[in-house]
Amino acid sequence: MDRAVIVALDFPNKEETLAFLDQFPEEKLFVKVGMELFYSEGPAIIKEIKSRGHQIFLDLKLHDIPHTVEQAMSVLANLEVDMVNVHAAGTIEMMAAALKGLTQQTNKRPLIIAVTQLTSTDEARMKEELLISSSLEETVKVYAQNAKRAGLDGVVCSPHEAPVIHQVCGKDFLTVTPGIRFKDSQKDDQVRITTPQQARQLGSDFIVVGRPITKAKDPVLAYQNCLKGFLTSKKEEDDDKRPG
Ligand code: C5P
């Protein structure tokens, strides 16, 4: 799948979501629907967004016993979205069950990626509350390798983690990266941010962008500039190959 900017539709209801999408009559977007919107509107919102021709990342972060996740994924497969996800902390067995659930009824399946460590969980909390004594970087690396062993397509991570993940899991293993801010936009609650250009240079395959686009004065212009910045930037390794 080609690289893309994924617009996070962090809206509470259908009305606000569709009012936002109404501004994009021409563009076919790749959007992210998370728990808030999906739990309030249900599968109908997925059908509505799909009927407008947009691609969908359904961000529900499944984490349960393998059998339950497998069954849940076989239900989600019917929604015909383009990307789904699970928590890598659920184990390799759970991730493999998720993949099996997705392909139970059809061979055409969405991309499936794993959340490594949530960016809201820092090393201190990992140690004190989760009793994980490895470093954050080591955990992210091993969780990504586990996702790959389970047959998943990639992980959600910070753009800063993309180089090491590609190093250990290969360049075709997808990195889907939030924490994107434009040079002139507010940081909001994001901590380690990069611009779309920097994310690409670090090797991100998909960037997830919410408020810098949804809260912009001109969301269409913000989206177009973001897309241009991300797609026209070259990866550092490409640049390294250039003479001089
Ligand atoms: O508005 P903003 O660009 O910060 O939105 C980023 C989106 O990516 C939100 O939907 C947020 O929940 C999600 N996300 C994140 N950091 C992660 C995982 C997901 O910001 N580690």
Side-chain angles (χ1 to χ4, degrees), residues 1 3-11 20 29-37 55-61 83-89 111-126 135-144 147 152-169 171 173-216 219 222-236:
M1 186 177 267
R3 284 179 288 137
V5 170
I6 301 179
V7 183
L9 297 180
D10 291 325
F11 297 112
F20 173 77
L29 304 179
F30 201 133
V31 299
K32 179 170 90 67
V33 173
M35 293 185 210
E36 183 187 14
L37 184 57
Q55 289 183 284
I56 301 175
F57 167 20
L58 185 54
D59 178 20
L60 299 181
K61 301 187 181 71
M83 189 185 283
V84 294
N85 62 356
V86 293
H87 270 284
L111 293 170
I112 170 165
I113 59 173
V115 175
T116 53
Q117 272 297 346
L118 289 173
T119 43
S120 50
T121 313
D122 58 14
E123 238 169 62
R125 284 204 182 95
M126 280 167 58
S135 70
L136 185 60
E137 187 185 315
E138 183 63 15
T139 313
V140 167
K141 213 163 84 177
V142 173
Y143 281 17
L152 268 56
D153 302 297
V155 288
V156 182
C157 63
S158 153
H160 296 286
E161 292 156 359
V164 72
I165 286 171
H166 282 135
Q167 204 181 356
V168 295
C169 296
K171 68 175 175 35
F173 193 69
L174 301 173
T175 51
V176 179
T177 65
I180 306 296
R181 288 296 177 267
F182 308 149
K183 272 203 191 94
D184 54 355
S185 60
Q186 275 178 274
K187 275 176 82 170
D188 303 307
D189 49 359
Q190 296 285 5
V191 184
R192 296 169 69 215
I193 52 172
T194 67
T195 63
Q197 289 85 346
Q198 287 164 338
R200 176 60 196 149
Q201 282 156 11
L202 289 164
S204 295
D205 299 289
F206 293 86
I207 52 173
V208 179
V209 190
R211 288 160 289 183
I213 293 176
T214 56
K215 303 251 184 273
Y223 170 74
Q224 286 167 343
N225 285 339
C226 178
L227 191 67
K228 201 163 110 199
F230 184 57
L231 295 185
T232 57
S233 258
K234 287 210 122 215
K235 267 179 86 169
E236 257 166 18

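Counting begins at 1 with the first residue of the sequence.
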Do [X] side-chain atoms and [Y] backbone N/O form a donor-acceptor pair below 3.5 Å?
| X | Y | answer |
| --- | --- | --- |
| Glu138 | Ser135 | no |
| Thr116 | Val140 | no |
| Glu123 | Leu136 | yes |

Report yes if the side chains of [X] and [Y] come closer than 4.5 Å at any heavy-atom pair, otherwise no.
| X | Y | result |
| --- | --- | --- |
| Lys141 | Ile165 | no |
| Thr177 | His160 | no |
| Ile207 | Cys226 | yes |
| Glu161 | Thr175 | no |
| Phe182 | Asn225 | no |
| Phe57 | Leu9 | no |
| Phe230 | Ile180 | no |
| Tyr143 | Val155 | no |

Practice prompt. Report the residues that fulfil side-chain hydrogen bond (donor to acceptor under 3.5 Å, both in side chains) with Gln198, sequence neighbours left out, ordered by chain and then residue number.
Written response: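 side-chain hydrogen bond (donor to acceptor under 3.5 Å, both in side chains) check on Gln198 returns Thr195.
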Worksheet entry | Where Ala114 and Ala88 come nearest, the two heavy atoms and their spacing |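 Taking Ala114 first and Ala88 second, the nearest heavy atoms are CB-CB, 4.0 Å.
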Discussion item. Among Val156, Val84, Asp205, which residue satisfies the side chain to side chain contact (heavy atoms under 4.5 Å, CB included) criterion with Ile113?
Written reply: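 Exactly one pass, corresponding to Val156.
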Worksheet item: Does Asp188 come within less than 4.0 Å of Arg181, counting only side-chain N to carboxylate O?
Response: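 Salt bridge flag = yes for Arg181 with Asp188.
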Nearest 0.5 Å please: distance from the [atom1] atom of [X] over to the [atom2] atom of [Y].
| X | Y | atom1 | atom2 | answer |
| --- | --- | --- | --- | --- |
| His87 | Leu60 | NE2 | CG | 10.5 Å |
| Arg211 | Asp10 | CZ | CG | 7.5 Å |
| Gln117 | Asp122 | CD | CG | 10.0 Å |
| Leu111 | Asn85 | CG | CG | 11.5 Å |

Worksheet entry | Plane angle bin for Phe11 and Phe20 - parallel if under 30°, tilted between 30 and 60°, otherwise perpendicular |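 The arrangement is tilted - the two ring planes meet at 30° to 60°.
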